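Some notes on the structure that comes next.
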Number of protein chains: 2
Amino acid sequence: MTTATTSLPAEITSADLVAKTIREKILEGELEPGRRLQQDHLSDMLGVSRTPLRTALAMIAQEGLIEYEANRGYRVRAFSISEVRDAFAVRAQLEGFACRCAAERKIPDAMIARFEALVTEGDRLLSGGTLDPSLLPAYRRMNVEFHQLIISLAGNSWIESFVRQTHNVPLVSDRIILWDNYDIIYRSHDDHHRIAKAIAQGEGIRAENLMIEHVIFAGKLLAERLEMDPRGVLMPQSKTPNGFLKSRKNGKL
Amino acid sequence: MTTATTSLPAEITSADLVAKTIREKILEGELEPGRRLQQDHLSDMLGVSRTPLRTALAMIAQEGLIEYEANRGYRVRAFSISEVRDAFAVRAQLEGFACRCAAERKIPDAMIARFEALVTEGDRLLSGGTLDPSLLPAYRRMNVEFHQLIISLAGNSWIESFVRQTHNVPLVSDRIILWDNYDIIYRSHDDHHRIAKAIAQGEGIRAENLMIEHVIFAGKLLAERLEMDPRGVLMPQSKTPNGFLKSRKNGKL
DNA sequence: CATTGCAAGATTGGATCCAATTTCCCCCTA
DNA sequence: TAGGGGGAAATTGGATCCAATCTTGCAATG
């Protein structure tokens with residue numbers, strides 16, 4: 001048991017925490033594309049020295065969220081709308097493939113039950129006939145878990161890794177759901193119904209085709225929205241990601 | 001338009017060099033799975049301090065070639081044969097998709113010519129009716145460039161990134177070609193002929209299907225070989241058993 | 001004899017220090 | 001006035017130092 005004031009689990013390094021924080025700031029849009037990441041500034045903003053910060057930056061650069069240039073440091077990478085579209089296109093293929101793989105395997109009853117629970121949860125959230133903003137977080141959780149369940153049932157860790165990477169784009173992660181058109185969400189959730197059932201019944205190709213359209217359509221919607229207003233997809237959700245790791249033992253200032 | 005990440009003579013940091021060296025050692029099998037990467041040992045083996053080494057290790061860990069455990073350091077990751085099979089399955093889908101994307105675009109004549117040059121080069125290398133070991137490097141280069149050409153013609157940078165990652169497995173990169181059965185190589189190169197022509201003629205689905213089989217079959221062959229003899233695939237190349245990197249102890253570069 | 005406790009050495013993670021490169025501003029010149 | 005030097009400040013990359021954690025080996029104990 002460590003004596004940390006901020007409960008620092010011994011098996012987590014501060015570089016990991018820093019990486020997680022910076023990643024979050026970028027994905028939330030707090031650190032905008034093109035912005036330079038000054039090491040001194042960031043390190044004392046986060047209350048750590050430059051060493052773990054630089055480790056974190058190296059990792060994030062490897063993930064593709066920031067760009068590095070020797071002797072000039074890191075800056076937040078900018079993604080074009082075309083890259084966003086490409087990400088959805090590839091994700092559609094990968095998740096479609098995951099559906100096919102999952103359908104070709106024997107799905108345990110417990111997982112079928114989980115599918116049903118998730119779909120039913122979605123039905124419940126949409127049962128009002130309107131999109132209550134307060135229900136968005138719950139719907140988003142359901143959606144994320146639905147997609148992840150399929151990917152885990154496919155049993156191919158590469159798919160999981162690559163799909164996660166396609167979410168590694170500012171303003172374009174699976175946390176973003178365009179929650180403003182009931183018919184579109186309803187139809188999207190209807191896809192969930194069909195996909196779950198198709199997988200359960202071993203209809204791999206059909207599940208694949210459904211998923212491809214499911215993802216591609218979402219991508220088209222988002223791309224369209226981004227073209228009109230690049231930042232309009234960021235809905236009000238203040239998470240106050242500031243103030244983790246407040247005081248380390250030597251504050252330097 | 002940004003290509004050629006490695007050809008730019010821009011300043012290279014020593015962390016990048018170290019990363020490249022370690023990556024190479026792992027992919028070549030010189031650092032075997034499970035092996036612990038001791039920082040002191042490695043850093044003076046490579047003639048740098050622990051700082052750039054640790055940056056390099058953090059990057060390589062992010063790529064998935066090594067695993068990290070807090071306070072216990074890094075060790076070379078072991079991949080199961082099943083993970084290798086999975087990698088080929090995903091790569092097949094991705095490269096197949098790349099074929100379809102490429103075929104749906106307008107291919108510049110210069111690229112068509114490049115296709116023809118590569119395919120002709122392959123014909124030449126196989127024209128003897130046997131597999132001369134001395135021709136393997138040339139065939140491998142042709143093969144790598146053929147696949148990369150398709151991926152670049154697809155114009156989707158995510159595909160490129162993900163396919164590269166599937167090569168990030170020890171003993172299973174595109175540098176490995178099972179160069180011992182003429183008929184198999186001949187048929188494989190015949191796939192190249194058909195794929196190139198299908199793409200040039202806009203037959204996307206056909207090109208996709210050809211590529212999927214092309215990759216999956218190579219994967220099956222390799223997996224089979226790995227099951228019999230996990231290290232047998234490394235044979236044809238120079239082994240350099242103790243040819244450790246000459247430690248540049250004198251210091252800077 | 002197996003197990004536990006513990007201390008010393010080994011190893012890692014983080015902080016600090018120094019050198020090399022870049023950036024920026026001011027002055028000079030055509 | 002526009003366009004270069006040139007040098008100081010800012011910033012990065014790498015080396016070294018220190019603290020925390022892990023590992024190892026041995027002795028004490030049941």
Side-chain angles (χ1 to χ4, degrees), chain A residues 1-22 31 34-62 66-77 244-253, chain B residues 8-22 31 34-62 65-77 245 247-253:
Chain A
M1 308 314 168
T2 57
T3 67
T5 56
T6 50
S7 77
L8 186 82
E11 56 273 355
I12 299 294
T13 64
S14 105
D16 289 321
L17 280 180
V18 167
K20 190 170 171 152
T21 305
I22 295 175
L31 291 172
R35 168 114 149 220
R36 182 132 173 260
L37 296 172
Q38 219 152 273
Q39 298 178 2
D40 274 327
H41 183 246
L42 262 181
S43 67
D44 70 37
M45 182 84 71
L46 300 174
V48 296
S49 82
R50 283 174 55 218
T51 306
L53 170 66
R54 284 172 58 189
T55 302
L57 292 174
M59 294 190 301
I60 298 174
Q62 202 64 34
I66 62 181
E67 288 172 322
Y68 173 73
E69 206 174 349
N71 296 316
R72 292 213 204 158
Y74 299 86
R75 51 183 64 239
V76 178
R77 175 169 169 195
F244 81 120
L245 259 192
K246 271 315 188 186
S247 59
R248 303 282 293 177
K249 41 192 167 184
N250 52 349
K252 181 178 182 180
L253 275 187
Chain B
L8 272 176
E11 299 299 338
I12 296 295
T13 65
S14 107
D16 289 321
L17 280 179
V18 167
K20 191 170 169 147
T21 304
I22 296 175
L31 291 172
R35 169 115 150 218
R36 183 133 172 257
L37 297 171
Q38 220 152 263
Q39 298 178 2
D40 274 330
H41 184 245
L42 262 181
S43 66
D44 73 35
M45 184 80 71
L46 300 173
V48 296
S49 84
R50 282 175 54 218
T51 305
L53 171 65
R54 284 172 56 190
T55 302
L57 291 174
M59 295 191 301
I60 298 174
Q62 201 64 34
L65 268 178
I66 63 181
E67 288 171 322
Y68 173 73
E69 207 174 347
N71 295 316
R72 293 215 210 156
Y74 299 85
R75 52 182 63 239
V76 178
R77 175 169 168 196
L245 182 80
S247 47
R248 318 185 281 272
K249 292 183 186 298
N250 55 355
K252 302 302 303 290
L253 304 168

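Bear in mind that the values here come from a model prediction, so they are computed numbers and not experimental data. Reminder, nothing fancy here: chain letters follow the sequence lines and each chain counts from 1.
A close approach under 4.0 Å does not occur between any side-chain nitrogen or oxygen of Y74(B) and OP1 or OP2 of dG13(C). One finds a side-chain N or O of R36(B) lying less than 4.0 angstrom from the OP1 or OP2 phosphate oxygen of dT12(C).
Counting all heavy atoms, side chain and backbone alike, V48(A) lies closest to P52(A) at CB-CG, 4.0 Å. In terms of heavy-atom proximity, T13(B) sits nearest to A70(A) at CG2-CB, 3.7 Å. Here the shortest heavy-atom pairing between R54(B) and Q39(B) reads CD-OE1, 3.4 Å.
Counting to the nearest Å, the P atom of dG13(C) and the CG atom of L17(A) are 14 Å from each other. One atom, CD1 of I66(B), and another, P of dT12(C), lie 12 Å apart when rounded to the nearest Å. The distance from atom CD1 of I12(B) to atom P of dG14(D) is 11 Å, rounded to the nearest whole Å. With rounding to whole Å, L53(B) atom CG is found 13 Å from dT11(C) atom C1'. Rounding to whole angstrom units, NE2 of residue H41(B) and P of dT11(C) are separated by 10 Å. D44(A) has its CG atom 12 Å from the P atom of dT12(D), to the nearest Å. One interatomic measurement links the two molecules: CD of E69(B) to P of dT11(C), which rounds to 16 Å at whole-angstrom precision. When the C1' atom of dG14(D) is taken as reference, atom CG of L42(B) falls 17 Å away, rounded to whole Å.
When the nucleotides dT12(D), dA15(D), dG14(C) are ranked by their closest atom to the side chain of D40(A), dT12(D) comes out on top. Between dG13(C), dT12(D), dC22(D), one nucleotide has an atom nearer to the side chain of Q38(A) than all others, and that is dT12(D). Distance from the side chain of N71(A) is smallest for dG13(D) among the nucleotides dA15(D), dG13(D), dT21(D). Distance from the side chain of R50(B) is smallest for dT12(C) among the nucleotides dG13(D), dT11(D), dT12(C).
Residue side chain R72(B) does not reach the base of dG13(C) through any donor-acceptor N/O pair under 3.5 Å, judged by distance alone. On a pure distance criterion of 3.5 Å, a polar donor-acceptor pair joins the side chain of R54(B) and the base of dG14(C).
Residue T51(A) is classed as a base contact, given a heavy-atom separation below 4.0 Å to a base. Among the heavy atoms of the strands lying under 4.0 Å from L37(B) are primed sugar atoms or P, OP1, OP2 only; no base atom is included.
Listed for the R75(A) side chain is a donor-acceptor partner under 3.5 Å among the backbone atoms of G34(A).
Taking NE2 of H41(A) as the reference point, atom CG of L46(A) lies at 9.5 Å (rounded to 0.5 Å).
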